[in-house]
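Okay, so here's the structure we're looking at.
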Amino acid sequence: MKKADVKLIICLVAVGIIALMAVLLCSKNGKTVVITQNNKQLYSLSLSEDKIIDLGTNIIEIKNGKVEVISANCKNQICVKHKKISKKSEQIVCIPNKVIITVE
Amino acid sequence: MSKKVALYSILASVCLVFSYVETLLPLTFIAPGVKIGLANGVALLLILKNDIKGAFLVNIIRILLLNLLFVSPFALLFSLSAGMISTLVMWLISKTKFFGTVGFSILGALTHNLVQTAVALIVLGKGVLYYLPFLIFSAIISGGFIGFLAKILDKKIKTFF
């Protein structure tokens, strides 16, 4: 083995460790979206699939691995203003319509 | 010419056997598609013998046959692109004389894995990036191992003819 080979291996191991750490940090992202209304689970969907769900009271959009409520028929619009969620155990709650969106 | 035809045929069949043996050693629990890369050792040996044309030929024959025989044509996309580019990279690096056999074997393995990840990224989406660190480590280990083997073989086999 040449010196350059040893250096290469050390560099690659370092890159690998950094990549591993990056992946572990990112993997806290949730995988599924669970939507409940009136304490009943209505949907359990994959975060990776773009989709628009119309509950009648709220319209929820899954896009690019994130979930947000794009419209709601309630007055306060708190759930609509809520930022997009994607990390594990983050929630968007719409109290007037009893809708809970959880990332798992 | 006929000698070369015979040599490449033998080497391609050796590669096929290697590829088959690899399927008996499932390392896919590390990440999908992880293997030792024994067949790559043959290409490496040909590069060490300064026969880049042979390395490409044997690789193309191996990949085409292997995918026709055992794997789906879909996988051909992955193996052919990765096989060609990694052979090219190994050849170019071996030309520079900067790295030893182990070094350019590792770089070849790494290129192979990165190209496959890139293809998977296009076909399957960014979920595959999760496997990248494991693919880097497997490239270091298997590439290093194969490079080491090829170096021994290169010393033992003075010339093919």
Side-chain angles (χ1 to χ4, degrees), chain A residues 1-35 43-53 60-68 70 83-92 101-104, chain B residues 30-32 34 44 48 86 89-90 92-114 116-118 120-152 154-155:
Chain A
M1 277 212 279
K2 287 189 181 178
K3 260 188 185 168
D5 292 356
V6 181
K7 281 180 196 163
L8 175 75
I9 293 171
I10 294 168
C11 286
L12 284 179
V13 169
V15 169
I17 290 169
I18 291 167
L20 188 66
M21 276 159 62
V23 160
L24 288 178
L25 285 176
C26 293
S27 69
K28 278 178 187 161
N29 277 349
K31 278 180 185 159
T32 51
V33 183
V34 176
I35 300 168
Y43 296 97
S44 178
L45 302 160
S46 165
L47 250 184
S48 52
E49 257 181 60
D50 292 1
K51 203 170 181 181
I52 291 174
I53 304 114
I60 299 154
E61 189 185 35
I62 304 174
K63 200 178 177 187
N64 300 327
K66 288 176 178 172
V67 199
E68 69 170 333
I70 47 178
K83 70 178 174 74
K84 295 178 183 179
I85 58 169
S86 62
K87 301 263 191 274
K88 239 178 196 172
S89 70
E90 280 189 298
Q91 278 188 329
I92 299 178
I101 303 157
T102 313
V103 177
E104 284 179 4
Chain B
I30 304 170
V34 168
L44 201 55
L48 286 176
S86 66
V89 165
M90 284 197 294
L92 290 175
I93 292 167
S94 72
K95 281 278 163 203
T96 66
K97 306 272 180 215
F98 184 66
F99 290 110
T101 316
V102 175
F104 71 77
S105 174
I106 290 177
L107 284 170
L110 189 69
T111 317
H112 186 275
N113 289 353
L114 290 181
Q116 290 211 327
T117 312
L121 199 62
I122 297 164
V123 180
L124 303 170
K126 63 180 177 182
V128 295
L129 284 178
Y130 172 78
Y131 298 112
L132 203 55
F134 305 102
L135 289 173
I136 293 173
F137 287 124
S138 84
I140 300 168
I141 296 165
S142 61
F145 175 64
I146 297 299
F148 182 67
L149 281 186
K151 203 177 168 187
I152 297 171
D154 185 40
K155 273 182 193 160

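From a predicted model like this one, the values you see are computed outputs, not experimental measurements.
Interatomic distance, A:Leu8 CG to B:Leu107 CG, rounded to the nearest 0.5 Å: 4.5 Å.
Closest approach of A:Gly16 and B:Ile136 over heavy atoms only: CA-CG2, 4.0 Å. What you find for A:Ala4 and B:Phe98 is that their closest heavy atoms are CB-O, 3.5 Å.
The contact list for residues 137-146 of chain B toward chain A, using heavy atoms and a distance under 4.5 Å, reads B:Phe137, B:Ile140 by residue number.
Of the two parts of A:Val6, neither the backbone nor the side chain holds a non-hydrogen atom closer than 4.5 Å to a non-hydrogen atom of chain B. Contacts between A:Ile17 and chain B at a heavy-atom distance below 4.5 Å involve backbone atoms as well as side-chain atoms.
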Stepwise side-chain contact (heavy atoms from CB on, under 4.5 Å) check, A:Leu20 with B:Phe134: CA-CA 8 Å; A:Leu20 188 66; B:Phe134 305 102; 3.7 Å; yes
